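Below you'll find the structure, written out as structure tokens, and then a few comments.
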Amino acid sequence: MLFDFPDFDNHELVLFGRDAATGLSAIIAVHSTALGPACGGCRMWPYANDTEAMRDALRLSRGMSYKNAMAGLPLGGGKSVIIGDSRKDKSNELFRAFGRVIDSLGGKYIAAEDVGISVADVMMMGQTTRHVAGLSGGHDASGDPSPFTAYGVYLGIKAAVRHKLGTDSLKGVRVAVQGLGNVGSHLCQRLADDGAVLTVADIHADAVSRAVEKFAARAVAPDQVHGVDVDVYAPCALGAVINPRTLGEIKAKVVAGGANNQLETDPMGEALRSLGILYAPDYVINGGGIINVSAEVTQAYDRDSVLRQVERIPVTLTEIFRRADRENRPTSAVADQMAREILSAAKGGDKKQAA
Ligand code: NAD
């Protein structure tokens with residue numbers, strides 16, 4: 001039963017979209033609209049089964065509520081997943097059909113890019129709905145969010161390294177980047193520019209060879225990257241990479257990367273803390289992309305002001321790190337509490353307005 005899903009967490013709505021003609025099977029999850037219309041990326045992934053897809057959509061959607069709240073954006077939290085292989089199953093018709101599903105929500109959910117979905121795909125959805133963002137061309141179009149996500153992650157890694165290792169420079173700092181897609185590759189560039197020493201992994205060999213060549217990175221197998229002897233482990237692929245199987249193998253002192261839902265379960269936050277590993281809460285460090293998208297949604301796109309907002313990410317992270325130290329609590333629990341307080345204050349405001 002959907003309502004009994006551990007990840008359901010009082011979602012406002014979940015919509016299942018099916019279009020037989022194009023083969024579309026999709027789920028849109030809207031966790032909260034307390035702060036504004038729910039906005040979050042669309043992920044295309046060949047999930048092993050519907051339950052896995054559902055769980056991903058729910059967890060990602062709640063993460064977007066927390067992310068938007070912590071970034072101070074006037075947006076609620078939602079996310080969508082299309083079940084399929086982005087390298088094989090894409091078609092213009094499929095994305096137009098998905099646009100119609102988004103449109104049926106009348107603006108309650110606004111879709112943008114996530115894993116497996118490009119700007120071109122979102123543009124195609126935009127042919128059948130105006131409730132999309134992360135577009136190219138046009139007056140307020142914000143384009144690909146991933147360079148902004150990567151910029152925030154880079155600044156967040158610097159803040160975490162400063163807090164944990166006591167150094168302001170990334171020169172010689174060893175970073176393992178897991179996932180060399182949109183975010184991971186931009187992140188590698190910034191880290192390499194600062195003289196960090198990179199270890200990389202991806203399930204696609206072409207992405208790995210590009211990074212090895214471009215950044216003089218060392219390649220390791222995808223199932224080993226979490227355990228290499230480095231200072232920072234930067235997950236930039238899929239979620240649940242911090243789990244009971246990987247935990248004991250992590251040698252890094254800092255876990256800070258762009259992937260959503262890095263902790264398989266909430267107790268993994270405490271597990272990292274007890275091992276002396278500093279964790280940069282994922283939805284805080286990876287907020288750069290949605291900050292960029294938000295400027296398009298609010299029709300006030302200004303690149304400089306987006307960059308200034310992204311530059312707040314390390315400030316928020318440092319506040320979380322210090323509070324976690326003071327209170328002897330996991331950084332993930334401190335961030336969750338801060339996000340929930342912002343959401344309940346907004347809900348309280350809703351009730352007052354309605355009264
Ligand atoms: P992407 O699809 O461009 O890249 C993901 C990469 O990870 C791909 O190259 C893929 O081959 C690789 N990968 C998948 N499974 C792997 C594994 N087991 N080991 C190693 N590599 C693996 O996606 P992206 O946009 O770069 O997003 C990466 C992560 O960051 C996702 O978790 C996404 O939700 C999150 N994120 C992205 C943005 C954004 O702006 N794109 C914003 C916030 C969060």
Side-chain angles (χ1 to χ4, degrees), residues 39-47 56-57 59-64 66-68 70-71 73 77 79-82 84-87 90 111-122 133-134 142-154 156 176-189 199-211 217 219-228 233-243 245-246 256-264 280-294 296 306 310 313:
C39 185
C42 170
R43 173 172 293 190
M44 186 164 188
W45 192 256
Y47 294 99
D56 210 24
R59 282 174 58 79
L60 289 165
S61 165
R62 185 184 77 159
M64 286 311 299
Y66 287 8
K67 186 185 307 198
N68 292 338
M70 290 300 277
L73 302 175
K79 199 92 181 183
S80 54
V81 299
I82 296 178
D85 185 334
S86 64
R87 292 200 168 199
K90 285 187 179 182
E113 295 83 0
D114 191 56
V115 174
I117 295 291
S118 67
V119 175
D121 303 333
V122 177
S142 62
D144 178 6
S146 63
F148 297 88
T149 304
Y151 181 44
V153 173
Y154 157 76
V177 180
Q178 176 180 37
L180 300 166
N182 291 318
V183 175
S185 55
H186 287 294
L187 175 64
C188 283
Q189 183 67 63
T199 301
V200 296
D202 198 289
I203 49 171
H204 294 299
D206 49 347
V208 174
S209 17
R210 269 197 304 275
V220 292
D223 61 352
Q224 284 170 20
V225 63
H226 62 273
V228 290
Y233 166 38
C236 294
L238 296 189
V241 288
I242 310 295
N243 58 53
R245 295 161 310 280
T246 57
N260 280 310
N261 292 344
Q262 292 170 32
L263 306 183
E264 186 177 64
D282 46 15
Y283 56 79
V284 180
I285 193 171
N286 72 13
I290 196 70
I291 290 171
N292 194 55
V293 166
S294 174
E296 176 177 330
V306 166
V310 175
I313 289 174

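For this chain, numbers begin at 1 and follow the sequence in order. Keep in mind it's a predicted model, so treat the numbers as computed, not measured. One-based numbering, in listed order, for ligands and for the atoms of each.
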(request) Tell me, please, which residues at least two apart from Arg59 pass side-chain hydrogen bond (donor to acceptor under 3.5 Å, both in side chains). (result) none

(request) Check whether any N or O atom of Lys67, backbone or side chain, sits under 3.5 Å from an N or O atom of ligand 1, and answer yes or no. (result) no

(message) Please check whether Gln178 reaches ligand 1 - meaning an N/O of the residue sits under 3.5 Å from an N/O of the ligand, judged on distance alone.
(response) no

(request) Look at atom 17 (C) of ligand 1 and say which protein heavy atom is nearest, naming residue and atom and giving the distance to 0.1 Å. (result) Ile203 CG2, 3.7 Å

(message) Taking only non-hydrogen atoms of Ala207, do any sit less than 4.0 angstrom from ligand 1?
(response) no

(message) Applying side-chain contact (heavy atoms from CB on, under 4.5 Å) to Val81 and Tyr47, what does each step give before you reach the verdict?
(response) CA-CA 10 Å; Val81 299; Tyr47 294 99; 3.3 Å; yes

(message) With nothing but distance in play, are any N or O atoms of Lys79 less than 3.5 Å from an N or O of ligand 1?
(response) no

(message) Suppose I only count heavy atoms of Gly179 and a 4.0 Å limit; which atoms of ligand 1 are within that range?
(response) 7 (O), 21 (N)

(request) Could you grab the distance from atom OH of Tyr283 to atom CG of Asn261, nearest 0.5 Å is fine? (result) 10.5 Å

(message) Donor-acceptor check, side chain of Asn292 to backbone of Pro145, threshold 3.5 angstrom: yes or no?
(response) no

(message) Among all protein heavy atoms in this structure, tell me which lies nearest to atom 12 (C) of ligand 1, with the distance rounded to 0.1 Å.
(response) Asp202 OD2, 3.2 Å

(request) Let me see the working for Leu73 and Ile290 under side-chain contact (heavy atoms from CB on, under 4.5 Å), right down to the final yes or no. (result) CA-CA 9 Å; Leu73 302 175; Ile290 196 70; 3.7 Å; yes

(message) Keeping Asp114 on the side-chain end and Arg43 on the backbone end, is there a donor-acceptor pair under 3.5 Å?
(response) no

(message) Heavy atom to atom 44 (C) of ligand 1, shortest distance: which of Gly289, Pro235, Gly258 holds it?
(response) Gly258

(message) Out of all atoms in ligand 1, which are within 4.0 Å of some heavy atom of Ser146? Include the element for each.
(response) 40 (O), 41 (N)

(request) Mind checking whether Ala259 contacts ligand 1 via backbone (N, CA, C, O), side chain (CB onward), both or neither, at a 4.0 Å heavy-atom cut-off? (result) both

(message) Main chain of Leu180, side chain of Asp202: is a donor-acceptor contact present, judged purely on distance under 3.5 Å?
(response) yes

(message) With rounding to the nearest 0.5 angstrom, report the CG to CG distance, Asn286 to Leu187.
(response) 11.5 Å

(request) For Thr149, take its heavy atoms, then give the atoms of ligand 1 lying under 4.0 Å from any of them. (result) 38 (C), 39 (C), 40 (O), 42 (C), 43 (C)

(message) Give the atom numbers and elements of ligand 1 that come within less than 4.0 Å of a heavy atom of Gly116.
(response) 2 (O)

(request) Check whether any N or O atom of Val115, backbone or side chain, sits under 3.5 Å from an N or O atom of ligand 1, and answer yes or no. (result) no

(request) Report yes if some N/O of Asn286 lies less than 3.5 Å from some N/O of ligand 1; otherwise report no. (result) no

(request) Give the numbers and elements of all ligand 1 atoms closer than 4.0 Å to a heavy atom of Pro145. (result) 40 (O)

(request) Looking only at protein heavy atoms, identify the closest one to atom 33 (C) of ligand 1 and say how far it is in Å. (result) Asp114 OD1, 3.2 Å

(message) At under 4.0 Å between heavy atoms, is it the side chain or the backbone of Ser86 that contacts ligand 1, or both, or neither?
(response) neither

(message) Among all the protein's non-hydrogen atoms, which is closest to atom 4 (O) of ligand 1, and how far away is it?
(response) Gly181 CA, 3.2 Å

(message) Would Ser118 and Lys90 count as a side-chain contact (heavy atoms from CB on, under 4.5 Å) here? Give the steps.
(response) CA-CA 11 Å; Ser118 67; Lys90 285 187 179 182; 4.3 Å; yes

(request) May I ask you to identify the nearest protein heavy atom to atom 28 (C) of ligand 1, giving residue, atom name and distance to one decimal place in Å? (result) Cys236 O, 3.2 Å

(request) Answer side chain, backbone, both or neither: which part of Glu113 comes under 4.0 Å from ligand 1, heavy atoms only. (result) neither

(message) Can you confirm, on distance only, whether ligand 1 has an N/O atom lying under 3.5 Å from any N/O atom belonging to Trp45?
(response) no

(request) Report yes or no: does Gln262 contribute a side-chain atom to a donor-acceptor pair with the main-chain N or O of Asp282 at less than 3.5 Å? (result) no

(message) If you apply the rule side-chain contact (heavy atoms from CB on, under 4.5 Å), what do you find for Cys42 with Ile82, and how did you get there?
(response) CA-CA 7 Å; Cys42 170; Ile82 296 178; 3.8 Å; yes

(message) When you measure from the side chain of Thr246 to the backbone of Val241, do you find a donor-acceptor pair of N or O atoms at a distance under 3.5 Å?
(response) yes

(request) Kindly compute the distance separating CG (Leu238) from CG (Leu60), expressed to the nearest 0.5 Å. (result) 9.5 Å

(message) What's the separation between atom NE2 in His186 and atom OH in Tyr151, rounded to the nearest 0.5 Å?
(response) 14.5 Å

(message) What protein heavy atom lies closest to atom 37 (C) of ligand 1? Include the residue and the distance to one decimal.
(response) Val183 CG2, 3.6 Å

(request) Tell me which part of Gln224 gets within contact of ligand 1: side chain, backbone, both or neither, using heavy atoms under 4.0 Å. (result) neither

(message) Would the distance check show the side chain of Gln178 and the main-chain N or O of Ala237 forming a donor-acceptor pair, the cut-off being under 3.5 Å?
(response) no

(message) Is there a polar contact, in the sense of an N or O pair closer than 3.5 Å, between Leu60 and ligand 1?
(response) no

(request) Write out the residue and atom name of the closest protein heavy atom to atom 19 (N) of ligand 1, then the distance separating them to 0.1 Å. (result) Pro222 CB, 3.6 Å

(message) What protein heavy atom lies closest to atom 32 (O) of ligand 1? Include the residue and the distance to one decimal.
(response) Ala237 O, 2.6 Å

